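Worksheet: the structure to be examined is printed underneath.
Just so you know, these numbers come straight off a predicted model, no measurement behind them.
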Amino acid sequence: MAVTLIVVAVPEGLPMSVTLSLALNMRRMLSTNNLVRKMHACETMGAITVICTDKTGTLTQNLMQVHETNFYGLKEKNALGDDAMSNLVAEGISANSTAFLEETGPDEKPKGVGNPTEVALLLWLNGKGRNYLDIRENAHVISQLTFSTERKYMATLVDSAVLGKKVIYIKGAPEIVLSKCKNVILADNKQVSAAEYRHTVDGELLRYQNMAMRTLGFAYKIVEDSETEDCAELVAENDLNFLGVVAISDPIRPDVPDAVAKCQSAGIAVKIVTGDTIGTATEIARQIGLWDQGVDTEANRITGVEFANLTDEVALNRVMDLKIMARARPTDKQRLVQLLQQNGAVVAVTGDGTNDAPALNHAQVGLSMGTGTSVAKEASDITLLDDSFNSIGTAVMWGRSLYKNIQRFIVFQLTINFVALLIVLLGSIIGTELPLTVTQMLWVNLIMDTFAALALASIPPSEDVMKEKPRKSTDFIITKAMKTNILGVGSVFLIILLGMIYYFDHSPEGMDPYNLTIFFTFFVMLQFWNLFNARVFGTTDSAFKGLNKSYGMEFIALAILLGQFLIVQYGGAVFRTTPLSGHTWLLIIASSSLVLWIGELIRLVKRIINKKHADE
């Protein structure tokens, strides 16, 4: 009996319950476009307090389209004729690119492979009747400097078929490209100083950025044969010719504003970390409801360069208030995550590039994109298959619901532990027979460990958890409400069961096998009905709400009832039971079910009180 008490006292089912809940959640979250790569992330998502999200593809649809082109050397915006300047622009777009267009049928929409921004440029060129592939093949590439988030531009040196000379083409962040230019090429091949024309370019960029457009600047330079063929060195000479800017639109996802609002109501701060300009990022933030023009100030946004110049002490004080970090580099993203964690935040961060791996590693939960690089996916904990911010909110809901399911299992198990231990110890003092035998105790242990773990782990997530604030990472898993429930319900059960032992012990029949069987069955049925109460612990919902969708719960309830019936009716000497009459069975089930009905009444009263307070 002492060994059995130890088996019952130790909650060895808890690790299994946690692992089972995590495994079930992993499978279910896959259906909501969350591919969980590391099991612990299922639960950690429920505790996050800050989400650092990318803009492109996560908040937006990643459907890049050229909204407007403004090459100053051309007569009109969006124009592309047969003149030399038009051919130069077409060659710059075609040759200075790593993207390709796929071959599609006559009725199919053209698609591309590669960077979405570059694909958008090729599609625009394609729409103007220019075959980018022919142009690219005619311009022999000598050397190329691929795009980098640190440099924010890419450059390609070619043997130009347009000019018959070596030409370096550069495209990237307009302010970066313009800073490396000496002149701006205007119509009729006129040239003005880049410094003089910067004000005009900045005004144009601001207009695009206020429309949430992504902007690209274009420049070129004729390279003499005697000059170096290293692109980085050629660009560093700062004597390029600025061609103009292109505005590319990427509409926000329709479900993002609601998803952001849901996260904010759940007490989760959302921060946009993007490589785009501060104007574009701010407009996107405004569209999704993150930026309030009348409330938010410059203190709530910053650029990557400004952030890098802040001391750790100053940055530590600012990071919690930041909503936007524009022109962010991977090092800025990683530093932001680390400073947020120093402030006690539990951080989830999104990333899709190889350079995002450090930030994904440092965050409590790294979220990679389904379209991201394999390096980013390996460094992450969860992959968002649809790249959508809405899937992040869903993962938070799953994580919080999982944590509550684990708490419910603990409440149910510790209540039985509390009752079973004391009933055996005190019962053996009061009565002449042990109230529960070793085999009966092991059956009870099987119910509370294995069966309860299966039942409570299968409870589907609830949207209501998104109305609560995040739990603190330092919080003990057993809350005050859980302690009250365990001790309160356990004490009531103990008093009832001790009263039964006393009654049977002083009855004419005494503690005979029939009375002991009634006691054992009543004890199990108390736990059976309490399982339904544990299912909705922490809420005011009825125990029957959504029960028709909890197939695991229904199956386990039937398994416990059937198992108890077989043990009682056919267990015999092995379980120290004798068959009970149908009348006795009905009496035990009806009387023990008061546990559920009293719980239902308490929850009903709480619902009425809550509704009354809400109406007030």
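- Scanning all heavy atoms of the two residues, the minimum distance from Leu360 to Gly351 falls at CD2-N, 3.8 Å.
- Looking at heavy atoms from C-beta onward, Asp541 lies in side-chain contact with Asp464 at the 4.5 angstrom threshold.
- Closest non-hydrogen pair, Val66 versus Ala120, comes out as CG2-O, 3.5 Å.
- With contacts defined as side-chain heavy-atom distances shorter than 4.5 Å, the pair Leu243/Met85 qualifies.
- Under the 3.5 Å distance criterion, the side-chain polar atoms of Asn96 are left unmatched by any main-chain donor or acceptor of Gly92.
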Could you walk me through whether Leu74 and Asp83 pass side-chain contact (heavy atoms from CB on, under 4.5 Å), step by step?
CA-CA 9 Å; Leu74 302 178; Asp83 56 291; 4.1 Å; yes

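- The two residues Cys52 and Val273 come nearest to each other via the heavy atoms CB-CG2, 4.0 Å.
- The two residues Met45 and Leu367 make their nearest non-hydrogen contact at SD-CD2, 4.4 Å.
- The backbone N or O of Ala99 lies less than 3.5 Å from a partner atom in the side chain of Glu118, making a donor-acceptor pair.
- Between atom CH2 of residue Trp398 and atom OG of residue Ser21 there is a gap of 11.5 Å, rounded to the nearest 0.5 Å.
- In this structure, Arg198 is not positioned above the aromatic face of Phe242 in the sense of NZ or CZ being under 6.0 Å from the six-membered ring centre and within 45° of the axis.
- In this view, Val314 and Leu310, Thr311 satisfy the side chain to side chain contact (heavy atoms under 4.5 Å, CB included) rule, not counting sequence neighbours.
- Side chain of Lys271 to backbone of Leu322: a donor-acceptor contact under 3.5 angstrom is found.
- Residues Pro470 and Ala266 share a closest heavy-atom pair of CD-O, 3.1 Å.
- Considering every non-hydrogen atom in both Asn25 and Cys42, the closest pair reads CB-SG, 4.2 Å.
- Side-chain contact between Arg327 and Glu175 is present, with heavy atoms from C-beta onward closer than 4.5 Å.
- Using a 4.5 Å cut-off on side-chain heavy atoms (C-beta onward), Glu102 and Val113 make contact.
- Leu59 pairs in a side chain to side chain contact (heavy atoms under 4.5 Å, CB included) with only one of the listed residues (Thr274, Ile252, Ile288, Asp54), which is Ile288.
- Judged by distance alone, the side chains of Ser391 and Ser388 never bring a donor and an acceptor atom under 3.5 Å apart.
- Interatomic distance, OG of Ser94 versus CG of Leu133, reported as 9.0 Å (0.5 Å rounding).
- Counting heavy atoms from C-beta on, the side chains of Ser97 and Tyr132 never come closer than 4.5 Å.
- No more than 12 heavy atoms of other residues, nucleotides or ligands sit less than 6.0 Å from atom CD of Glu313.
- Taking the charged nitrogens against the carboxylate oxygens, Arg318 and Glu306 have no contact shorter than 4.0 Å, which rules out a salt bridge.
- Thr56 and Arg214 share a donor-acceptor pair across their side chains, judged by distance under 3.5 Å alone.
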Working note: Arg37 + Glu378, criterion salt bridge (charged side-chain N to carboxylate O under 4.0 Å, His left out); need CA distance, chi angles, decisive distance, verdict.
CA-CA 8 Å; Arg37 301 175 61 84; Glu378 285 297 324; 3.1 Å; yes

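- A donor-acceptor pair under 3.5 Å is formed between the side chain of Lys323 and the backbone N or O of Leu290.
- Interatomic distance, Leu80 CG to Lys128 NZ, rounded to the nearest 0.5 Å: 7.0 Å.
- For the pair Arg253 and Thr60, the minimum side-chain heavy-atom distance is 4.5 Å or more.
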Carefully, step by step, assess Ile168 and Cys231 under the rule side-chain contact (heavy atoms from CB on, under 4.5 Å).
CA-CA 7 Å; Ile168 183 169; Cys231 289; 4.1 Å; yes

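- Side-chain N/O atoms of Asn610 and Arg607 include no donor and acceptor closer than 3.5 Å.
- Side-chain contact check for Gln342 versus Val319: every heavy-atom pair is 4.5 Å or farther apart.
- Each ring pair (Phe, Tyr, Trp, His ring centres under 6.0 Å) pair with one or both residues in residues 180-219, not counting sequence neighbours, appears once here: Phe71-Phe218, Tyr72-Tyr197.
- Looking at Ile185 and Leu88, their side chains never come closer than 4.5 Å, going by heavy atoms from C-beta outward.
- For the residue pair Asn87/Arg130, the side-chain donor-acceptor check at 3.5 Å is satisfied.
- Heavy atoms from other residues, nucleotides or ligands lying under 6.0 Å from CD of Glu76 number 12 at most.
- Heavy-atom contacts from other residues, nucleotides or ligands closer than 6.0 Å to NZ of Lys77 number more than 12.
- Between Gln209 and Thr280, the side chains place no donor N or O within less than 3.5 Å of an acceptor N or O (distance only, hydrogens not considered).
- More than 12 heavy atoms of other shown residues, nucleotides or ligands fall within 6.0 angstrom of atom NZ in Lys38.
- Applying the salt bridge (Lys or Arg N to Asp or Glu O under 4.0 Å) test to residues at least two apart or on different chains, the pairs with a partner in residues 385-405 are Lys404-Glu468.
- Applying the 6.0 Å contact sphere to NZ of Lys182 captures no more than 12 heavy atoms from other residues, nucleotides or ligands.
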